[in-house]
Amino acid sequence: MQQLRRFEDYLQERPEPTGIDVICGLKHFSIITYAVPVERFAGMIPDRFAIDIVSINGENKGLISVVPFIDVDFTSAVYPFPKFTMPQTNYRIYIIDKQTGERCVWFLGTTLDSWTLAVPRYVWQLPWHSAKVSFDCHFDDATELYTKYVMNAQSDWAAASVSLQQTGEEVLSFAGFPNVESALIYITHPLAGFYHRRDGKLGTYRVWHKRLEVKPATLISANFKLLSDFGIVPNSEQNKPYSVLVEPLNEFTIYLPPKVLD
């Protein structure tokens with residue numbers, strides 16, 4: 001059973017960036033989340049972690065999100081530095097770190113459309129993969145809604161396509177949570193991520209952001225190769241998400257370099 005949570009207990013001042021920490025805007029930011037039987041995650045995460053279970057209609061489910069966006073003005077948070085723009089998609093499972101009790105995410109991996117992929121993939125050994133990505137979006141400034149949002153990614157590892165829109169009639173509703181605020185903290189506010197590095201070691205990094213001002217959206221269609229390949233969300237279930245959230249632009253601070261854990 002998910003507990004009652006309040007943002008005032010989770011929001012924190014931004015840790016002062018140093019060294020090679022970066023800041024970036026995340027444009028066309030969406031979170032497409034699926035609730036699936038917990039056993040589908042068997043063997044995917046180390047014993048240090050546990051799936052952050054949500055009880056929905058008496059069944060224990062785990063949540064996994066696909067998070068597409070475009071990094072804009074990606075640059076040093078400390079020094080004058082060139083700015084980069086690059087489409088990215090994260091695949092993340094919601095977990096609990098049993099050592100600290102912190103709710104965080106387990107990254108299955110990431111796709112990136114940029115030559116800068118070489119740094120996270122080869123220098124830091126992150127599970128990041130190449131993709132050719134296009135976004136075709138229309139955001140209506142008057143209504144503050146997406147009348148069109150289409151993303152397509154060509155990738156051997158995680159080909160993907162998603163189409164969504166906002167009619168203004170969508171409502172925030174999250175089965176298995178005591179209220180909307182508790183669910184938004186769970187889905188939008190994990191600040192720590194863990195993953196298996198490409199060399200098999202356990203890695204982690206942290207981010208910071210303000211409260212995300214997401215709004216609900218309607219999924220028109222989705223096809224995420226990675227979710228079907230891993231047996232987490234078969235194709236027959238991918239057009240039935242648990243929730244779809246979107247925000248036109250937000251800002252993240254990313255603390256680098258990632259750490260290697262024993």
Side-chain angles (χ1 to χ4, degrees), residues 20 22 24-34 36 40-46 49 62-72 74-75 84-95 104-137 149-164 190 192-207 221-235 238 241 252 254-261:
I20 61 171
V22 301
C24 63
L26 275 55
K27 185 178 181 180
H28 301 322
F29 178 88
S30 64
I31 306 178
I32 301 100
T33 302
Y34 296 93
V36 303
R40 294 186 187 176
F41 298 115
M44 292 187 183
I45 61 175
F49 307 101
L63 301 191
I64 181 168
S65 291
V66 181
V67 187
F69 53 88
I70 303 175
D71 289 304
V72 294
F74 183 98
T75 190
F84 298 94
T85 296
M86 45 197 172
Q88 181 174 332
T89 301
N90 294 333
Y91 294 83
R92 62 192 204 182
I93 301 167
Y94 293 86
I95 59 172
C104 40
V105 290
W106 179 263
F107 286 104
L108 288 176
T110 290
T111 57
L112 187 73
D113 185 352
S114 172
W115 64 268
T116 62
L117 173 68
V119 174
R121 180 172 172 86
Y122 298 108
V123 177
W124 296 330
Q125 292 290 301
L126 296 180
W128 285 31
H129 304 264
S130 177
K132 292 296 183 182
V133 182
S134 65
F135 278 82
D136 183 6
C137 302
Y149 181 116
V150 176
M151 184 279 291
N152 287 285
Q154 299 177 37
S155 168
D156 292 337
W157 183 73
S161 64
V162 61
S163 175
L164 60 87
F194 295 85
Y195 49 87
H196 279 135
R197 288 164 40 109
R198 297 180 64 244
D199 59 11
K201 298 178 182 179
L202 180 63
T204 184
Y205 66 87
R206 300 191 68 88
V207 302
S221 64
N223 191 329
F224 300 119
K225 177 180 181 290
L226 186 73
L227 300 189
S228 56
D229 284 353
F230 273 71
I232 300 172
V233 187
N235 290 331
Q238 291 189 16
F252 274 55
I254 307 168
Y255 296 92
L256 298 173
K259 296 180 180 179
V260 183
L261 303 179

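Note that the structure is a prediction, hence the values are computed from the model and not measured. Counting begins at 1 with the first residue of the sequence.
- Residues satisfying the ring-ring contact (aromatic ring centres under 6.0 Å, His included) test with F194, not counting sequence neighbours, are F49.
- Residues passing the salt bridge (Lys or Arg N to Asp or Glu O under 4.0 Å) test with R40, sequence neighbours excluded: E237.
- Between W106 and H196, the ring-plane angle classifies as perpendicular under the 30° and 60° cut-offs.
- Under the ring-ring contact (aromatic ring centres under 6.0 Å, His included) criterion, Y94 pairs with Y186, sequence neighbours left out.
- By the side chain to side chain donor-acceptor pair (under 3.5 Å) test, D229 is found to be paired with K225, residues two or more places apart in sequence or in another chain being considered.
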Using the rule given for side chain to side chain contact (heavy atoms under 4.5 Å, CB included), can you reason through M44 versus F230, listing the C-alpha separation, both sets of side-chain angles and the distance that settles it, and then say yes or no? CA-CA 10 Å; M44 292 187 183; F230 273 71; 3.8 Å; yes
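- For the side-chain contact (heavy atoms from CB on, under 4.5 Å) test with N90, the passing option among V105, I31, T110 is T110; the others fail.
- For the atom pair CE of M86 and CG of D113, the computed distance is 10.5 Å after rounding to the nearest 0.5 Å.
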Would you sort out whether F252 and D71 count as a side chain to side chain contact (heavy atoms under 4.5 Å, CB included), showing the intermediate values? CA-CA 10 Å; F252 274 55; D71 289 304; over 6 Å; no
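- Judged as a ring-ring contact (aromatic ring centres under 6.0 Å, His included), and not counting sequence neighbours, W128 has no contacts.
- Atom OH of Y195 and atom CG of L108 lie 14.0 Å apart (nearest 0.5 Å).
- Taking CG from L112 and CG from L126, the interatomic distance works out to 10.5 Å, rounded to the nearest 0.5 Å.
- For the atom pair CG (L63) and CD1 (I95), the distance works out to 13.0 Å, reported to the nearest 0.5 Å.
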With side chain to side chain contact (heavy atoms under 4.5 Å, CB included) as the criterion, how do S114 and F84 come out once you've worked through the C-alpha distance, each side chain's angles and the decisive distance to 0.1 Å? CA-CA 9 Å; S114 172; F84 298 94; 5.7 Å; no
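- For the atom pair W124 CH2 and R197 CZ, the distance stands at 11.5 Å (nearest 0.5 Å).
- Y34 places a side-chain N or O within donor-acceptor distance of the main-chain N or O of Q238, the cut-off being under 3.5 Å.
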Under 3.5 Å, which donor-acceptor pairs do the side chains of residues 152-161 form with other protein atoms, sequence neighbours left out?
from: S155; atom 1: OG; to: S130; atom 2: O; distance (Å): 3.2
from: S155; atom 1: OG; to: W157; atom 2: N; distance (Å): 3.2
from: S155; atom 1: OG; to: A158; atom 2: N; distance (Å): 3.0

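- To the nearest 0.5 Å, the span separating CD1 on I45 from CG on L202 amounts to 11.0 Å.
- Between F107 and Y205, a ring centre-to-centre spacing shorter than 6.0 Å is recorded.
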